[in-house]
Amino acid sequence: MPSDPSAADLAKRYRVDDGASFRLADFDPDDTWKLEKEGSKDLLAASIARLSELQERLYAQDQWSVLCVFQAMDAAGKDGAIKHVMSGINPQGCQVYSFKAPSAEELDHDYLWRCVKCLPERGRIGIFNRSYYEETLVVRVHPEFLRKQHLPPSLVTDSIWEHRFQDIRSFERHLARNGTVVLKFFLHVSRKEQRKRFLERLEDPEKNWKFELGDVRERGFWDEYQRAYEDMIRNTSAKHAPWFVVPADNKWFTRLVVADAIISALDSLELEYPTVDPAQREELAKAHEALLAEKGK
Ligand code: ATP
Ligand code: MG
């Protein structure tokens, strides 16, 4: 059951299963559906409790794994969404990896290599804070990154982005066919809201540490990034690996949508605790008896 009937299938509104006609302009970063900030804390708390329960079953069943990929412009709220949505989860069942600019060792391999090493084990939820999708975003916006990848020049053609989309699609289909549920979140923040958040980071001494000059430089490439995001979502949305274009101008709403998307995906797996067969039940009864007999010894 969803935590609140009025919020049932909230994430469905932002889910893209087929990118053929996707347009970023059709999605409003400031959308909050018909919910209000007031009361959102209780809704999120209920979702977190539900998520925690589902994650226990995922872990106990030990068959499926869940990969949540987060991509966004700076200050869109990736870190906060991950922190809040996962706050009720047993840390043993959840793994978070942040992908920064690749190291020399990583550049000596294909771009999926570092991510494959971090895929979640069965029974776990894995979070990618940035991912192989940077290969179609920052690397596309700044071709100098591509030049550092030691690729044989004959492979760097005008088709490289289309090839990357094809390979990512195949990779995610492979994951899905092997029991990894792939959920991808694009936190869609507006240019105006990003400016406001950067200004807060500059003006509030407690937030100064979050400010990075490089982020303002990247803001200068806003339109290039939006085009790259749109193209990425168009080319890599699939029923088995959907993108969620999550409105990100209101952090409380972003978190509700992300939580609901993960809950819906886990719900659809119909997870059950492993059952005990008669022989095992007999063993358990014996252990129970033995422990009871210890009393007073
Ligand atoms: P925060 O700033 O909230 O700590 P972040 O995800 O922005 O989180 P940073 O260390 O600031 O972390 O940035 C990571 C940087 O690494 C980003 O600018 C991103 O574009 C870059 N990056 C990630 N993957 C690649 C890649 N494959 N090639 C080049 N740059 C990459
Ligand atoms: Mg950053």
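Indexing begins at 1, ligand by ligand and atom by atom, following the structure's order. Heavy-atom basis, side chains included; hydrogens, waters and symmetry copies ignored.
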Would you call His142 a ligand 1 contact, heavy-atom distance under 4.0 Å? no
Close-contact set for ligand 1 against [X] heavy atoms, below 4.0 Å:
X      : answer
Glu135 : 27 (N)
Glu212 : 2 (O), 11 (O)
Val139 : 28 (N)
Asp74  : 7 (O)

Just checking, is any N or O donor in the side chain of [X] or [Y] under 3.5 Å from an acceptor N or O on the other one?
X      : Y      : result
Glu172 : Tyr132 : yes
Gln71  : Arg130 : no
Trp64  : Thr180 : no
Tyr225 : Glu218 : yes
Lys117 : Tyr97  : no
Ser190 : Asp249 : yes

Per [atom], closest listed option by heavy atom ([options]):
atom                    : options                        : result
atom 6 (O) of ligand 1  : Arg217, Arg114, Arg130, Lys210 : Arg130
atom 1 (P) of ligand 1  : Asp79, Asp215, Val141          : Asp79
atom 28 (N) of ligand 1 : Ser131, Gly214, Ala101, Pro102 : Pro102

To the nearest 0.5 Å, tell me how far Lys78 NZ sits from Leu187 CG. 8.0 Å
Report the relative orientation of the aromatic rings in Phe185 and Phe244; use parallel for angles under 30°, tilted for 30 to 60°, perpendicular for over 60°. parallel
Is it the case that ligand 1 has an N or O less than 3.5 angstrom from some N or O of Val138? no
Can you tell me which residue and heavy atom of the protein come closest to [atom], and the distance to 0.1 Å?
atom                    : answer
atom 20 (O) of ligand 1 : Glu134 OE1, 3.1 Å
atom 8 (O) of ligand 1  : Lys78 NZ, 4.2 Å
atom 12 (O) of ligand 1 : Lys100 NZ, 3.2 Å

